[in-house]
Amino acid sequence: QVQLVESGGGLVQSGGSLRLSCVASGATLGYYNIGWFRQASGKEREAVSCRSAPGDSTYYADSVKGRFTISRDNAKNTVYLQMNSLKPEDTAVYYCAADPEYYPDNDRCSADFSSWGQGTQVTVSS
């Protein structure tokens, strides 16, 4: 099973940018479908962006379309989430996830991933 470690979270002002990283170990991430999720205080975990292993499908939550971009660098075994034009409502703990079987599509991504990171806090001040 792949191990995942996120980094890059922090405190940023509204309108600012952050890039989250998720480094994988124990497996070749290029063979895995990947996802970024977030959980705000008192709310359920929600999918932010997901991408299939071959890259032929990518999901973005409506709330982040046009602002967030998911990408991966297979040579570095790393997944990224570039977050621009951040809003206070983006404040949450962000988690990366990976799974060799679960295949997200362009319109839907659920939490059916087998491997999860520990999360990184993103706080956007107004």
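When reading the values below, keep in mind they use all heavy atoms of this one structure, side chains included, and skip hydrogens, waters and symmetry mates. Owing to the predicted nature of the structure, the values given are computational and were not obtained by experimental measurement.
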J.: Linking I/L/V/M/F/W/Y whenever their side-chain heavy atoms sit closer than 4.5 Å, directly or via other members, would Met83 and Tyr80 fall into one cluster?
T.: no
J.: So, taking the atom named CD in Gln13 and the one named OG in Ser126, what distance separates them when rounded to the nearest 0.5 Å?
T.: 9.5 Å
J.: Side-chain contact, heavy-atom cut-off 4.5 Å: Phe68 with Leu86?
T.: yes
J.: Using a 4.5 Å cut-off on heavy atoms from C-beta on, say whether the side chain of Cys109 contacts that of Ser49.
T.: no
J.: Can any side-chain N or O of Gln118 pair as donor or acceptor with the backbone N or O of Val5 at less than 3.5 Å?
T.: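 The answer is no, because no donor-acceptor pair under 3.5 Å joins these two groups.
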J.: Between side-chain atoms of residues 16-33 and protein atoms elsewhere (two or more places apart, or another chain), which donor-acceptor pairs fall under 3.5 Å?
T.:
| residue | atom | partner | partner atom | Å |
| --- | --- | --- | --- | --- |
| Ser17 | OG | Asn84 | OD1 | 3.0 |
| Asn33 | OD1 | Ala53 | N | 2.8 |
| Asn33 | ND2 | Asp99 | O | 3.2 |
| Asn33 | ND2 | Tyr102 | O | 2.6 |

J.: May I ask you to test the Ser71-Gln82 pair for a side-chain heavy-atom distance under 4.5 Å?
T.: no
J.: Looking only at non-hydrogen atoms, find the nearest pair between Phe113 and Ile34 and report the distance.
T.: CE2-C, 3.7 Å
J.: Decide yes or no for Tyr95 and Gln39: does some side-chain heavy atom of the first lie under 4.5 Å from some side-chain heavy atom of the second?
T.: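 Heavy-atom side-chain distance check passes, below 4.5 Å.
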J.: Are Val12 and Val48 connected into the same hydrophobic cluster when the rule is that any two of I, L, V, M, F, W, Y join if their side-chain heavy atoms are below 4.5 Å apart?
T.: yes
J.: Please tabulate, one pair per line, all N/O donor-acceptor pairs under 3.5 Å involving side-chain atoms of residues 58-67, not counting sequence neighbours.
T.:
| residue | atom | partner | partner atom | Å |
| --- | --- | --- | --- | --- |
| Thr58 | OG1 | Arg51 | NE | 2.9 |
| Thr58 | OG1 | Arg51 | NH2 | 3.3 |
| Tyr60 | OH | Ile70 | N | 3.0 |
| Asp62 | OD1 | Lys65 | NZ | 3.2 |
| Ser63 | OG | Arg38 | NH2 | 3.3 |
| Arg67 | NH1 | Ser85 | O | 2.9 |
| Arg67 | NH1 | Asp90 | OD2 | 2.8 |
| Arg67 | NH2 | Ser63 | O | 2.8 |
| Arg67 | NH2 | Asp90 | OD1 | 3.0 |
| Arg67 | NH2 | Asp90 | OD2 | 3.4 |

J.: Just so I know, are the side chains of Leu4 and Cys96 near enough to count as touching, which here means a heavy-atom distance under 4.5 Å?
T.: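 In contact.
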J.: If you compare all heavy atoms of Ala98 against all heavy atoms of Val2, which two are closest, and at what distance to 0.1 Å?
T.: CB-CG1, 4.1 Å
J.: Does Ser57 use its side chain to pair, donor to acceptor, with the backbone of Pro104 at less than 3.5 Å?
T.: yes
J.: Ignoring hydrogens, what is the shortest heavy-atom contact between Asp112 and Ser110? Give both atom names and the distance.
T.: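 Nearest heavy atoms, Asp112 then Ser110: OD2-OG, 2.9 Å.
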J.: Begin with the C-alpha distance, continue with both residues' side-chain angles, and end with the deciding distance and a verdict on ring-ring contact (aromatic ring centres under 6.0 Å, His included) for Phe37 and Trp116.
T.: CA-CA 10 Å; Phe37 291 75; Trp116 293 82; 4.9 Å; yes
